[in-house]
Asks: 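Okay, handing you the structure first.
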Amino acid sequence: MQREEQLAGLRRMYRTSREQGRGQVALLSGPVGSGKTEVLEVFGEWAAAMGARVLRAAGSRAERDIPLGVIWQLLHSAPLEAASLAQADELIETAFDRLNRAAGAVEELPPGDDLWARVLHAVFTSLTGLDDAAPLTVAVDDLHHADAASLHCLLYVIRRFRRAPVTIVLAETTTLRPAHPLLRAELFSQPSFRRYTLPLLTAEAVARLVLRDAEGRGGTSARETAAGLLGVTGGNPLLLRALLDEQAGGPGGDGAYGPVPGDAFDQAVLRCLYRHEPVVRQVARALAVLDRRASAELIGRLLGVPPDFTAPAMRLLRGAGLTEAGRLRHPRILDLIISDMPTEERRRLHRLAGETLHERGAEAGEIARHHRAAAWAAPAGADGAEEQVSHGRSGPAAEPTRHTGEQPGGGESDGDGDVLSEAERRVAELAARGDTNRQIARTLFVTVSTVEQHLTRVYRKLDVRRRTDLPEHLNACRGRTQEPARDPAPGPLATPPGISGPPPGAPPPRG
């Protein structure tokens with residue numbers, strides 16, 4: 001998947017090492033889900049087929065504080081003689097005990113420590129004791145989770161393998177703050193070092209995948225399907241693979257091929273989020289609550305941290321394909337993040353969003369939406385004395401009846417009046433041009449049921465009785481929403497789907 005250039009570079013390094021007897025070191029870097037592990041596996045299999053001995057290890061968040069854990073994996077993946085392995089194990093166990101008694105991370109080795117010298121020498125001699133006729137390839141995945149002691153050993157080996165047929169390939173995920181900066185600086189200074197980045201997939205690469213996966217299927221063209229997939233996943237290989245694997249039960253009734261986000265896609269999104277640092281997840285949750293284009297400064301105000309913290313987190317989310325133009329890329333991603341949030345946190349962020357947008361002079365309907373969401377997200381029996389903003393003035397308001405879509409006094413809620421959310425607007429525009437609900441679902445990569453729910457709210461907000469009336473009412477709505485906004489933050493305000501559901505008993509509109 002668009003990784004030919006990186007694989008070709010690794011193969012050239014291997015051939016240089018084998019033919020010239022010079023050690024080579026490569027680092028694969030990319031966002032969460034970019035396919036680093038797959039590239040590492042493909043290269044390792046190729047090197048083994050070329051006659052190399054391949055040793056493998058992987059860092060782990062749960063084991064990053066276990067000294068020499070990565071080195072232990074490497075040695076136990078090597079075909080060492082029992083005596084050599086036992087000797088190395090004994091030294092590692094002794095060093096492990098000593099490091100466990102030490103306080104703090106092991107960024108620098110203790111000077112003059114004879115034990116460390118023996119451990120490093122044992123690792124080196126164990127690797128050099130392998131069959132000299134076979135070039136050696138060392139592959140370490142998730143380097144950002146490797147323990148510092150193992151990194152010291154790797155650097156020791158790299159320095160001494162400069163004149164040996166050894167290729168060392170490391171893979172790491174882009175993070176807010178790289179782990180072990182001193183050790184990384186020494187790694188980057190090695191003369192044989194090369195770094196390869198793994199970008200998000202392009203439309204052309206996605207189209208090739210679609211052609212391969214949809215072989216023998218009819219319906220939507222590969223280019224059209226690829227454009228839709230790219231709009232949902234941003235070209236993130238992990239999200240794309242999950243979306244393709246679902247296939248929505250295969251081709252639809254009209255012979256079209258195009259997966260719809262579902263459980264596998266949801267799990268892939270959560271994997272992306274939870275493999276990031278906690279602050280990145282907090283920024284993603286703030287973006288989900290706002291459901292609009294937001295700057296790092298606005299997100300920082302919402303979370304109570306400086307923009308210096310939120311800006312890098314927003315870059316990571318964009319690099320992983322989860323956001324675009326300062327907002328979450330797809331309604332499905334937004335809904336998933338919202339549903340994954342604890343109720344109290346969701347309520348708190350909505351309250352803060354209402355207060356922050358009010359300070360910025362945002363539209364009253366946008367502010368009121370956040371105050372209603374803060375009240376409705378409260379647990380049963382909570383005090384509903386939330387402030388609701390109306391016509392730019394704040395003051396106490398009666399608590400709405402939660403989860404029923406009814407306002408105090410028995411009337412039905414109209415959600416956010418005639419202000420369409422971004423998702424509703426997309427559905428309405430496609431319906432206005434004559435697309436059926438099934439066609440809209442395939443275009444937006446959502447379910448037909450989701451399209452029907454959005455249209456129900458659109459009909460109610462715009463007071464539409466027939467589908468053929470949508471173009472006229474939609475044009476009138478555009479005229480109202482194109483007035484200059486008072487919000488100094490970049491981008492227009494965008495209201496998410498209304499909190500209240502369709503009126504009781506109202507049949508969903510069908511196309």
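Values below: every heavy atom of this structure, side chains too, minus hydrogens, waters and symmetry copies. Along the sequence shown, residues carry numbers from 1.
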Asks: Between E172 and R195, does at least one N-O distance fall below 4.0 Å, as a salt bridge requires?
Replies: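 Result for this pair is yes, salt bridge flagged.
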Asks: Is any side-chain heavy atom of S189 closer than 4.5 Å to a side-chain heavy atom of R184?
Replies: no
Asks: Kindly say whether A146 contributes a backbone atom to a donor-acceptor pair with the side chain of R64 at under 3.5 angstrom?
Replies: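 No, the answer is negative, given that no donor and acceptor are paired below the 3.5 Å cut-off.
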Asks: Measure the shortest side-chain to side-chain distance between Y274 and D340 over non-hydrogen atoms and say whether it is less than 4.5 angstrom.
Replies: yes
Asks: Kindly compute the distance separating CG (L357) from CG (L298), expressed to the nearest 0.5 Å.
Replies: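 Taking CG in L357 and CG in L298, the distance rounds to 6.0 Å.
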Asks: Quick check against the 3.5 Å criterion: does T310 have a side-chain atom that pairs as donor or acceptor with the backbone of P307?
Replies: yes
Asks: Could you work out, with ring-ring contact (aromatic ring centres under 6.0 Å, His included) as the rule, every residue matching F193, not counting sequence neighbours?
Replies: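 Per chain and number, F193 pairs via ring-ring contact (aromatic ring centres under 6.0 Å, His included) with F188.
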Asks: Can you tell me how far CG of L336 sits from CG of L273, rounded to the nearest 0.5 angstrom?
Replies: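 Interatomic distance, L273 CG to L336 CG, rounded to 0.5 Å: 7.5 Å.
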Asks: Could you tell me which residues satisfy side chain to side chain contact (heavy atoms under 4.5 Å, CB included) with A268, sequence neighbours excluded, listed by chain and number?
Replies: L238, L239, A242
Asks: Just by distance, do the side chain of H276 and the backbone of V32 share a donor-acceptor pair under 3.5 Å?
Replies: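 Judged by distance alone, no pair lies under 3.5 Å.
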Asks: Taking the side chain as every heavy atom from C-beta outward, state whether D291 and R327 have any pair of such atoms under 4.5 Å apart.
Replies: yes
Asks: Less than 4.5 Å apart, any side-chain heavy atom of I338 and any of M341?
Replies: yes
Asks: For A286, what residues pass the side chain to side chain contact (heavy atoms under 4.5 Å, CB included) criterion, not counting sequence neighbours?
Replies: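 Side chain to side chain contact (heavy atoms under 4.5 Å, CB included) check on A286 returns I299, L302, L303.
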Asks: Given 3.5 Å as the limit, does a donor-acceptor pair link the side chain of Q439 with the main chain of T436, or not?
Replies: yes
Asks: Go through the steps for K461 and E424 under the test salt bridge (charged side-chain N to carboxylate O under 4.0 Å, His left out), then give the verdict.
Replies: CA-CA 10 Å; K461 290 181 178 182; E424 291 164 356; 3.0 Å; yes
Asks: With sequence neighbours left out, write down each residue that passes ring-ring contact (aromatic ring centres under 6.0 Å, His included) with H370, or none if nothing qualifies.
Replies: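 If we apply the ring-ring contact (aromatic ring centres under 6.0 Å, His included) test to H370, skipping adjacent residues, the hits are H350.
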Asks: I'd like to check L317 versus L287 (side-chain heavy atoms, cut-off strictly below 4.5 Å). Are they in contact?
Replies: yes
Asks: Measuring only between side-chain heavy atoms, which start at C-beta, is R177 closer than 4.5 Å to P312?
Replies: no
Asks: Tell me whether Q190 contacts the main-chain N or O of E186 through its side chain, where contact means a donor paired with an acceptor under 3.5 Å.
Replies: yes
Asks: Would the distance check show the side chain of R61 and the main-chain N or O of R275 forming a donor-acceptor pair, the cut-off being under 3.5 Å?
Replies: yes
Asks: List in chain and number order the residues that pass side chain to side chain contact (heavy atoms under 4.5 Å, CB included) with P278, two or more places apart in sequence or in another chain; answer none if no residue qualifies.
Replies: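 Side chain to side chain contact (heavy atoms under 4.5 Å, CB included) check on P278 returns R281.
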Asks: Would you check if Q267 and D263 make a side-chain contact, meaning some heavy-atom pair closer than 4.5 Å?
Replies: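 In contact.
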Asks: Run the salt bridge (charged side-chain N to carboxylate O under 4.0 Å, His left out) check on R425 and E429 step by step: do they pass?
Replies: CA-CA 6 Å; R425 181 189 59 76; E429 288 180 347; 3.0 Å; yes
Asks: Any Lys/Arg nitrogen of E297 or R301 sitting under 4.0 Å from an Asp/Glu carboxylate oxygen of the other?
Replies: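 Between R301 and E297 there is a salt bridge, with a charged N closer than 4.0 Å to a carboxylate O.
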Asks: Under a 4.0 Å threshold between the charged nitrogen and the carboxylate oxygen, would D266 count as salt-bridged to R332?
Replies: yes
Asks: Whether K36 and D142 form a salt bridge (side-chain N of Lys/Arg under 4.0 Å from carboxylate O of Asp/Glu) is what I want to check.
Replies: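 No, D142 and K36 are not salt-bridged.
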Asks: Is the backbone of T197 close enough, under 3.5 Å, to the side chain of S29 for a donor and an acceptor to pair up by distance?
Replies: no
Asks: How long is the gap from OG1 on T173 to NE2 on H144, to the nearest 0.5 Å?
Replies: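 So the gap between those two atoms works out to 4.0 Å.
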Asks: Strictly distance-based, threshold 3.5 Å: is any side-chain N or O of D469 a donor or acceptor partner for the main-chain N or O of V464?
Replies: no
Asks: Can you tell if the side chain of L187 reaches within under 4.5 Å of the side chain of L151, non-hydrogen atoms only?
Replies: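 A side-chain contact is absent here, since even the closest heavy-atom pair is not under 4.5 Å.
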Asks: With rounding to the nearest 0.5 Å, note down the distance linking CG in L170 to CG in L40.
Replies: 8.5 Å
Asks: Among residues at least two apart in sequence or on other chains, which ones pass side-chain hydrogen bond (donor to acceptor under 3.5 Å, both in side chains) with E41?
Replies: none
Asks: Going from CZ on R292 to CG on L328, what distance comes out if it is rounded to the nearest 0.5 angstrom?
Replies: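 One gets 13.0 Å once the value is rounded to the nearest 0.5 Å.
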Asks: Do R208 and E204 sit within salt-bridge range, that is, some charged N less than 4.0 Å from a carboxylate O?
Replies: yes
Asks: Looking at G69, is its backbone amide N or carbonyl O close enough to the side chain of E63 to form a donor-acceptor pair, meaning the two atoms are under 3.5 Å apart?
Replies: no
Asks: Closest approach of I440 and V427, non-hydrogen atoms and distance?
Replies: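 Distance-wise, the nearest heavy atoms are CD1-O, 3.9 Å.
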Asks: Okay, side chain of E324, backbone of G234: is any donor-acceptor separation there less than 3.5 Å?
Replies: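 Flag not set: sc E324 to bb G234 has no pair under 3.5 Å.
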Asks: Between R351 and E355, is the salt bridge (charged side-chain N to carboxylate O under 4.0 Å, His left out) condition met? List the steps.
Replies: CA-CA 6 Å; R351 177 177 56 80; E355 294 172 355; 3.5 Å; yes
